[in-house]
Amino acid sequence: MTTDPRLDEARSLVTGAGRIVALTGAGISTDSGIPDFRGPQGLWTRDPGAEKMSNLQAYQGSREVRERTWQARLVHPGWDAAPNAAHYALERLSPTHIVTQNIDRLHQKAGSPPERVLELHGTMFESVCLSCDDHRDMRSTLERVRAGETDPPCLVCGGILKSATVSFGQHLDQSLLRAARAAVSESDLLLVAGSSLSVQPAASLVSVASRAGADVVICNGSETPYDAMATVVIRGPLSETLPALTTPRI
């Protein structure tokens, strides 16, 4: 269990807040077996070439990159991952919204209502055509890969398919971003959990909360660029800190 002396202060803020919004990043899912990207054992740290698979220009411009990406999708740990104690802690907290940068839907699997989860960076569970925007269940598209299609084209128009996730160089869904900003600006407290706060525009939600007068509690394993803006910063494994920090809310 964490011994961070600031835990009591953060717990008091969380318990006393009326409207809480959570902003979650890859760090909340590492204890579920899904590696982050930039940490010491992160995917891009161990394999710098893997970052190309998350770059839209590289993905569209190289069949080799697409083929490698489809093989990686087949074995993504998110297919078998289960929520951990941090996800269940947020479910018990019942924030007005969970704004997540994650694509794994572990918040929903933990019981958080889907309508309260704003998936800023999309989901790995759907494929989408970059030309005609046709959406399909990713599992059906991956069955085509298993059957031998190394770079399966869109069944509607023949265009390039990718997962329905936001890559570098790709715009976020603006309606989702507006909803996230509105939720944060109306909150009493923004609880950041497991985000390095290094990717925009998600990271800018901390500034939105601060300008609106909300308290900001950051729980992350390492420093973030927004720590100085936070009311309290907690270090430690999220599967320990979030259960210790949160209490059931009615």
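Throughout, numbering of the chain's residues begins at 1 and tracks the sequence.
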Check the side chains of Asp104 and Ser29 for a donor-acceptor pair under 3.5 angstrom, ignoring hydrogens and angles. yes
Do Ser62 and Arg68 have a side chain donor and acceptor closer than 3.5 Å?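 No - no donor-acceptor pair under 3.5 Å links their side chains.
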Minimum heavy-atom distance [X]-[Y], with the two atoms named:
| X | Y | value |
| --- | --- | --- |
| Ser94 | Arg116 | OG-NH1, 2.8 Å |
| Ala212 | Ser185 | CB-O, 3.4 Å |
| Thr224 | Ser195 | CG2-O, 3.7 Å |
| Cys157 | Cys132 | SG-SG, 3.7 Å |
| Ala82 | Leu106 | C-CD2, 3.9 Å |
| Ser196 | Asn220 | CA-ND2, 4.1 Å |

Side chains of [X] and [Y]: closer than 4.5 Å at any heavy-atom pair?
| X | Y | value |
| --- | --- | --- |
| Lys162 | Gln170 | yes |
| Leu191 | Leu93 | yes |
| Val21 | Leu205 | no |
| Pro243 | Tyr88 | no |
| Glu119 | Ile103 | no |
| Val166 | Leu120 | no |
| Pro201 | Leu172 | yes |
| Thr165 | Met138 | no |

Answer yes or no: is there a donor N or O on one side and an acceptor on the other, between the side chain of [X] and the main chain of [Y], under 3.5 Å?
| X | Y | value |
| --- | --- | --- |
| Arg144 | Pro153 | yes |
| Asp188 | Gly18 | yes |
| Ser112 | Gln108 | no |
| Arg66 | Tyr59 | yes |
| Gln200 | Ser204 | yes |
| Asn102 | Gly25 | yes |
| Ser210 | Ser207 | no |
| Thr30 | Gly27 | yes |
| His76 | Gly78 | yes |
| Ser12 | Asp8 | no |

Decide yes or no on side-chain contact (heavy atoms from CB on, under 4.5 Å) for Glu149 and Leu161, but give the supporting numbers first. CA-CA 12 Å; Glu149 295 185 58; Leu161 295 181; over 6 Å; no
Distance check, rounded to the nearest 0.5 Å: [X] atom [atom1] versus [Y] atom [atom2]?
| X | Y | atom1 | atom2 | value |
| --- | --- | --- | --- | --- |
| Arg6 | Leu13 | CZ | CG | 13.0 Å |
| Leu118 | Arg181 | CG | CZ | 13.0 Å |
| Asp80 | Ser32 | CG | OG | 12.0 Å |
| Asp151 | Trp70 | CG | CH2 | 8.0 Å |
| Leu190 | Met229 | CG | CE | 11.5 Å |
| Glu223 | Arg235 | CD | CZ | 6.0 Å |

Option passing side chain to side chain donor-acceptor pair (under 3.5 Å) with Thr24 (candidates Gln101, His107, His87):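 So, applying the side chain to side chain donor-acceptor pair (under 3.5 Å) to Thr24 and each of Gln101, His107, His87, only His107 qualifies.
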[X] atom [atom1], neighbour heavy-atom count above 12 within 6.0 Å:
| X | atom1 | value |
| --- | --- | --- |
| Gln57 | CD | no |
| His135 | NE2 | yes |
| Glu64 | CD | no |

Salt-bridge contact Arg139-Glu143 (side-chain N to carboxylate O under 4.0 Å): no
Carefully, step by step, assess Arg73 and Val145 under the rule side-chain contact (heavy atoms from CB on, under 4.5 Å). CA-CA 10 Å; Arg73 290 178 182 132; Val145 178; over 6 Å; no
Is there a side-chain contact (heavy atoms from CB on, under 4.5 Å) between Ile28 and Leu242? Walk through the geometry before answering. CA-CA 9 Å; Ile28 199 171; Leu242 285 189; 4.0 Å; yes
Could you see if Ile160 belongs to whatever hydrophobic cluster contains Val128? Use Ile, Leu, Val, Met, Phe, Trp, Tyr and a side-chain cutoff under 4.5 Å.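 Not linked; separate clusters.
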Could you state whether Phe125 and Ile34 fall into the same hydrophobic cluster, counting links through intermediate Ile, Leu, Val, Met, Phe, Trp or Tyr residues with side-chain heavy atoms under 4.5 angstrom apart? no
Let me know which of Val192, Leu189, Val233 forms a side chain to side chain contact (heavy atoms under 4.5 Å, CB included) with Val217.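 For Val217, the side chain to side chain contact (heavy atoms under 4.5 Å, CB included) test succeeds with only one of Val192, Leu189, Val233, which is Leu189.
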Thr123/Arg105 under side-chain contact (heavy atoms from CB on, under 4.5 Å): CA gap, chis, key distance, verdict: CA-CA 7 Å; Thr123 175; Arg105 290 195 170 164; 3.2 Å; yes
